[in-house]
Number of protein chains: 2
Amino acid sequence: MERKEEEVGRENGKAEATESSKDGSICGFDSLHRLLHASLEPHVFKEVSRLLLGLNCGRALESIAIPEPAKALSSKHDFDLQAYCFHADKELTREPRIVRVGLIQNSIALPTTAPFLDQKRAIFEKLKPIIDAAGASGVNILCLQEAWMMPFAFCTREKRWCELAEPVDGESTQLLQDLARKYNMVIISPILERDVKHGETLWNTAVIIGNHGNIIGKHRKNHIPRVGDFNESTYYMEGNTGHPVFETAYGKIAINICYGRHHPLNWLAFGLNGAEIVFNPSATVGELSEPMWPIEARNAAIANSYFVGSINRVGTEIFPNPFTSGDGKPQHADFGHFYGSSHFSAPDSSCTPSLSRYKDGLMISDMDLNLCRQLKDKWGFRMTARYELYAEMLAHYVKPNFEPQVISDPLLHKNPS
Amino acid sequence: MERKEEEVGRENGKAEATESSKDGSICGFDSLHRLLHASLEPHVFKEVSRLLLGLNCGRALESIAIPEPAKALSSKHDFDLQAYCFHADKELTREPRIVRVGLIQNSIALPTTAPFLDQKRAIFEKLKPIIDAAGASGVNILCLQEAWMMPFAFCTREKRWCELAEPVDGESTQLLQDLARKYNMVIISPILERDVKHGETLWNTAVIIGNHGNIIGKHRKNHIPRVGDFNESTYYMEGNTGHPVFETAYGKIAINICYGRHHPLNWLAFGLNGAEIVFNPSATVGELSEPMWPIEARNAAIANSYFVGSINRVGTEIFPNPFTSGDGKPQHADFGHFYGSSHFSAPDSSCTPSLSRYKDGLMISDMDLNLCRQLKDKWGFRMTARYELYAEMLAHYVKPNFEPQVISDPLLHKNPS
């Protein structure tokens, strides 16, 4: 059943342009924000934005100027480039702590039938001008998408894709270390990790590279999906690195990888450890998750008083061997459309528009990290949270003899009077 | 500074009609759904609805027929009346478990200067035709708004409003017990509770009345706000009833009162105890929370695989004595606009449109409770949640000597190379 390399390649290209029938979208739009902007009268658009982007008090969405070299790279390499700004109040005892943060989303670069090392290096070559644009824009912290160095092949259940796994200090990290040093930029690099010292164990891991090109540490994905074609549990297990917060030159950051965004406790634990920005590098498809995508990120930012950067890959990846999806439908060779839509959410419930559903992109935002504590002081979620109650509740819940707190109507089986 | 009763009364009336400048809204619209429906081309509206209402797979929003007597009551008493339907897959081993659920939002009925008992009884008289409409529509479970039997006077910090508190089996409960019996309907009645047996303690409490008119039990609000004019901590303390789930004739329900919706752990605990529908009776105002309103409810429904019914009161309530808000602004006599917008969220990430931002209303939805387990089986959030990890994390966090898990860049204070 192996398909010819050029056929697969052509389909990958076509998919990004016109796959409206398969991507979950009804009218093939590029982003919700642009669709509404093009369709609504200005005063109605302003009101809709107030609610959807959390721009209360008549605030307008504020974009920031993008330097010409970055714009030129965006035109030349045809990637979406957007830049916004989150403000905080001026404080009396602290200076503003404004950092510029970037998110990159991208499709793969070669057909999935190409030699593995070529595929990885071609993705890196594709990423390089986007990272250069981030560097030219003065981005301080940059996060790439989940398993950026490979197609998201976990749908196939084929073990040969394991060969793409690398140690934390492997080739992909090394390529990015140079750029981190060059641009004085913290880079978060989510890869498929091979832990050679622990018997060739595989992990889904984010490597945190400091702005001097040094490796600060790693975080391994805490929660592994078993839904749809997300057959990741075939490849790696739940992470063993806890919920670390990385203190970088530009702020305290943490990484909640992909499916971990469905777990409010995971978001919470990064918050309790002091994160000011939590990145959610992901790979997820339209039919499964698109309406949930902005909800979970914004809820996490609100509930935990920190910023969230959400990244999803783009495009449709066609694999050489068709597979079934456990849904009774015929075999097929793709995972569905990765709908991009990377964006930022802020602790004050506001958010940016999203990057394109179809194109590679770089989303930039300035954020004053003072906003995190300001929201904690305003809403008091930490202080009103009664963690003792929940520590006790969970300790009880995990016991085999747990009994839920249920109060039954004593007249449950009585007929209506 | 006491103001004349008729002046206050006039302002209350006016506020509901034309308060667009004070309610946070820019163009005084009635509901986001209606605004978009009126402004967008049908194919664009369909796409926007797919994302905003979670109508994936090209599904259309499905409304259900409302019986004529209910419609007549809605016209006569000028309240918004909407009814929708959530479907579940047909199962092989269980029959569908379809229940009809209702949410009521309302403004107060008399000026806040009227005698207290008159105010309470006038609200009940106003509610009665809306409850009758729910009964005529065959609603099985009905939830009223937070502290429905009084104006939301906690902004004032005046202790005289405590007089409105009632025992769990007081007048307000008794009035509703008759209707519960008449309509064979479970009614959730959120009141200001006076606990006479415990030294006249006040609580913010939901009374759960069974479909035979019996009192099944009560739940006391777990988390108390200290934000904006929400001076509720002046009046009552954090609840002591845990996270009970009430097993009623129509399903397992729980109540997350108002500010508790900002706490993912609170939502979680009701879920771990087995809730299939969680109600969030609230009172919240536009400038403070409107963009967060749909986010938190939908996230809770998704993360916990249950239905959520969200209720917010409507209108602007003018109090006799002006008060300040700790924001440097001049004294004023109202809390801001309660923006209504009551709605349902489902575990599959879909939701209904919202009731009016200005009018009283009854929101009805049919829901097949089988959907809860179907989503658990599909997404596996419970099984992938690693509760042991979080039980341990929280046990550690609540200790005075807790140290966050922070990994600092060793080159943190090095200058750029």
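To find a chain, count down the sequence lines: A is the first, B the second, and so on, and within it residues start at 1.
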- Query: What part of A/S345 lies closer than 4.5 angstrom to a heavy atom of chain B: side chain, backbone, both or neither?
  - Reply: neither
- Query: Nearest 0.5 Å, what's the CZ-CG distance between A/R386 and B/N222?
  - Reply: 5.0 Å
- Using a 4.5 Å cut-off on heavy atoms from C-beta on, say whether the side chain of A/Y397 contacts that of B/L268. no
- Item | Nearest-0.5 Å distance that lies between atom OG in B/S408 and atom NZ in A/K252 | 7.5 Å
- Message: Below 4.5 Å, heavy-atom pairs only: which of A/A385, A/G213, A/P410, A/G380 has the largest tally toward chain B?
- Response: A/A385
- Message: If you define the side chain from C-beta out and look only at heavy atoms, does anything of A/V245 sit under 4.5 Å from B/Q405?
- Response: no
- Are side-chain heavy atoms of A/L265 and B/L389 found at a separation under 4.5 Å? no
- Note on the structure: Answer key: most heavy-atom pairs under 4.5 Å with chain B among A/A275, A/G242, A/P244 is A/P244
- Note on the structure: When rounded to the nearest 0.5 Å, the distance separating CG of B/L51 from OG of A/S31 is 10.0 Å
- pair A/L411-B/I216: side-chain heavy atoms closer than 4.5 Å: no
- Message: Shorter than 4.5 Å, heavy atoms on both sides: which option in A/L52, A/D348, A/L288, A/N304 has the most such pairs with chain B?
- Response: A/L288
- Message: So A/D409 and B/I208, do their side chains get closer than 4.5 Å, heavy atoms only?
- Response: no
- Message: Ignoring hydrogens, what is the shortest heavy-atom contact between B/I224 and A/T384? Give both atom names and the distance.
- Response: O-CG2, 3.5 Å
- Note on the structure: Heavy atoms of A/M292 and B/F381 approach each other most closely as CE-CZ, 4.4 Å
- Query: Most heavy-atom pairs under 4.5 angstrom with chain A, which of B/A395, B/A391, B/A303, B/P225?
  - Reply: B/A391
- Side chain, backbone, both or neither of B/S341 within contact of chain A (heavy atoms, under 4.5 Å): neither
- Query: If we only count heavy atoms from C-beta on, is the A/S349 to B/E290 side-chain gap below 4.5 Å?
  - Reply: no
- Task: Let me know if B/E238 has heavy atoms under 4.5 Å from chain A in its side chain, its backbone, both or neither.
- Result: both
- Message: What's the separation between atom CZ in B/R382 and atom NE2 in A/H263, rounded to the nearest 0.5 Å?
- Response: 10.5 Å
- Query: Under a 4.5 Å heavy-atom cutoff, which of A/K378, A/E403, A/R298, A/H243 has the most pairs with chain B?
  - Reply: A/H243
- B/Y390 side chain to A/N266 side chain, donor-acceptor N/O pair below 3.5 angstrom: yes
- Task: Verify the neighbour count for atom CD of A/E392: are there more than 12 heavy atoms of other residues, nucleotides or ligands below 6.0 Å?
- Result: no
- Hey, could you give me the CZ/CG distance between B/F45 and A/L35, rounded to the nearest 0.5 Å? 12.5 Å
- Query: Which bit of B/T248 is near chain A, if near means a heavy-atom gap under 4.5 Å: side chain, backbone, both or neither?
  - Reply: backbone
- Anything under 30° is parallel, anything over 60° is perpendicular, the rest tilted; go ahead and classify B/Y259 against A/W379. parallel
- Rounding to 0.5 Å, atoms CD1 (A/I295) and SG (B/C351) come to a distance of 7.0 Å
- Distance-minimising heavy-atom pair for B/N299 and A/P264: ND2-CG, 4.4 Å
- Item | Validation row: A/M393, B/L394 side chains within 4.5 angstrom (heavy atoms) | no
- Any idea which of B/G274, B/S39, B/G217 has the most non-hydrogen atom pairs under 4.5 angstrom with chain A? B/S39
- Heavy-atom pairs under 4.5 Å with chain B are the metric here; pick the option from A/N273, A/L53, A/V398, A/V227 that has the most. A/N273
- Task: Identify which part of B/F402 has an atom lying under 4.5 Å from any heavy atom of chain A, answering side chain, backbone, both or neither.
- Result: side chain
- Who wins among A/L36, A/L272, A/L412, A/L32 for the most heavy-atom pairs under 4.5 Å with chain B? A/L272
